[in-house]
Amino acid sequence: MKRFNTYDAYQIRYDGRRFDQIRNINFKFGLYPHADGSVYYEQGCTKVICAVYGPRQSRVRTPDDLCFINCQFSLSSFATQNKKKAQRSMEAGRLLERTLKSVIDRSAYPKTRVDVFCEIIQGDGSNLASCINAASLALVDAGIPVKGVVSAVECGVTRGYICTDLNNTEVRGNAPKIVLATLDGKRESIMVDYKNCLHINQMERMIEAGFDANEKIYACLREAILLRTEELRKIVAVKEL
Amino acid sequence: MKIEITGPIKRTKPFETDKEDEDIKIVVPGSIISNRTDFMSGHGTFYGDEDIIASVAGSVRQVNKLLTVQPFKSRYSPDVGDVIVGRVVEVQQKRWKVDINSISEGLLALANVSLPGGELRRKSAEDEMRMRMYMEEGDLVVAEVLNVQSDAIQLQARTLRYGKLGQGLLVKVSPSLMKRRKTHFHDLHFGAKIILARNGW
């Protein structure tokens, strides 16, 4: 069986990036005016729409009356190359929920709920990582107090070389990959999701590469938030008569 | 034959920003505002290990030793005395639950409502049965915030200007655009009345 090589002899991946380069990040806030926070987020060709509603009244009661966080992660039927029925991934939704639970200050709003809806309209690899990035941007847009900005990246190993920010072709197959989420670009992980088999010696290098890529992604997200805050300030600022 | 074609009017910028606004410090969640010893943390901030860190994206405001960060867009947070417009979502035993676009629903107690007709009397058990005749689920009501607690927002509609709203149009805007003023009820010169509620409705 011929193995498809995702990089060439010059150690450049087939989409023109180096191993530690992340893809271009684009964003647009305020897509849904009736949602409290919403963002359209692109990481290369992976396009995600995220909407956040909350904090609002909740009928569901959690133990200790903390804020209830509900995450929905769905992949549109037209998102991947093979047309499938629209899927809702429970596992990815739970991972997203766990990441956001550690970041939102839940005791500040008892008996309320925060709903996060992520829809992938084009999935070109790093689906969960892009959703986490989009969700953290949407949370900040909604004005919900958070401990910091979460950034996430998906890294994998192909033939000994560690690639960060995988795209679709690199994600396919049984190459080992991790999704690593950090807070504020610091070198502490708040969520690690890991698939397939990996040699223990490679693990530390993968995590280091993930931290490096997260610093870059965090810088982009921070810039996005500053631009959005400036835009909102101009709308809200009124000359006092 | 003369044809005139018009397009949409070019939008002019509705507001101008003051020069003083340029000095306001904008922060991102997770950024350090100052060290812990000098200041206290207010809304929109929390204590880190040795410093005060912002938890929302907005402008930093300092009042004596208190640091707060005000987000430019968020759900309406009620203050006592605000005029608000809400929609009834539930009729309970002695109160109405009102959705006011805030973190929790508002509670309008039967005792805090003036009866139609302007009568002032203590509400009896029969009034409880007739609650639904006055206001049902889906009705719009204008009220004032009486009290704000951690899990409940109490409203009152005692004076004649507050109460159930009749025919009209509801327009929703962002709550951060509504500033507190002396009067929120205005009569327009061509006969219409307008209520500018603090929660953006």
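Excluded from the calculations below are hydrogen atoms, water molecules and symmetry mates; all remaining heavy atoms, backbone and side chain alike, are included. Order of the sequence lines fixes the chain letters, A, B, ..., with proteins taken first and strands second; residue numbering starts at 1 for each chain.
Counted within 6.0 Å of CG on N64(B), heavy atoms from surrounding residues, nucleotides or ligands total 12 or fewer; the atom is thus considered open. Residue D79(B) qualifies as enclosed at atom CG: its count of foreign heavy atoms under 6.0 Å is above 12. Crowding of Y32(A) atom OH: a count of heavy atoms from other residues, nucleotides or ligands under 6.0 Å not exceeding 12. Few gaps surround CZ on R113(A); more than 12 heavy atoms of other groups in view lie less than 6.0 Å from it. Within 6.0 Å of the CZ atom in R94(A), the count of heavy atoms belonging to other residues, nucleotides or ligands does not exceed 12. Within 6.0 Å of atom CD in Q149(B), more than 12 heavy atoms from other residues, nucleotides or ligands are found, so the atom counts as buried in its surroundings. The environment of CZ in R187(A) is crowded: more than 12 heavy-atom neighbours from other residues, nucleotides or ligands sit within 6.0 Å.
A distance of 7.5 Å separates CZ in F72(B) from CD in E230(A), rounded to the nearest 0.5 Å. Atom-to-atom distance recorded for D36(A):CG and N101(B):CG is 7.0 Å, nearest 0.5 angstrom. Remark: I103(B) CD1 to S58(A) OG distance equals 13.5 Å, nearest 0.5 Å. Here the CD-NZ distance, from E231(A) to K73(B), works out to 9.5 Å after rounding to the nearest 0.5 Å. Here the CZ-CD1 distance, from R228(A) to I26(B), works out to 12.5 Å after rounding to the nearest 0.5 Å. Once rounded to the nearest 0.5 Å, the distance linking CD1 of I235(A) with OG of S176(B) reads 9.0 Å.
For T112(A), the part lying near chain B is the side chain, with the backbone staying farther off; criterion is any non-hydrogen pair under 4.5 Å. Interface remark: D141(A) contributes backbone and side-chain atoms alike to the contact with chain B (heavy atom separation under 4.5 Å). No part of S59(B) comes within reach of chain A, as not one of its non-hydrogen atoms sits under 4.5 angstrom from that chain. With a 4.5 Å cut-off on non-hydrogen atoms, L183(A) does not touch chain B at all.
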For this session: Please test V140(A) against V56(B) for side-chain contact (heavy atoms from CB on, under 4.5 Å), starting from the C-alpha separation and ending with a verdict.
Result: CA-CA 6 Å; V140(A) 174; V56(B) 287; over 6 Å; no
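Between chain B and the options G148(A), P55(A), G37(A), P33(A), the largest number of non-hydrogen pairs under 4.5 Å is found for P55(A). Comparing S31(B), G48(B), P71(B), A57(B) by how many heavy-atom pairs each has under 4.5 Å with chain A, the most go to A57(B).
Summarising the geometry of V146(A) relative to P29(B), their closest heavy-atom pair is CG2-CB, 3.7 Å, with the distance given to 0.1 Å.
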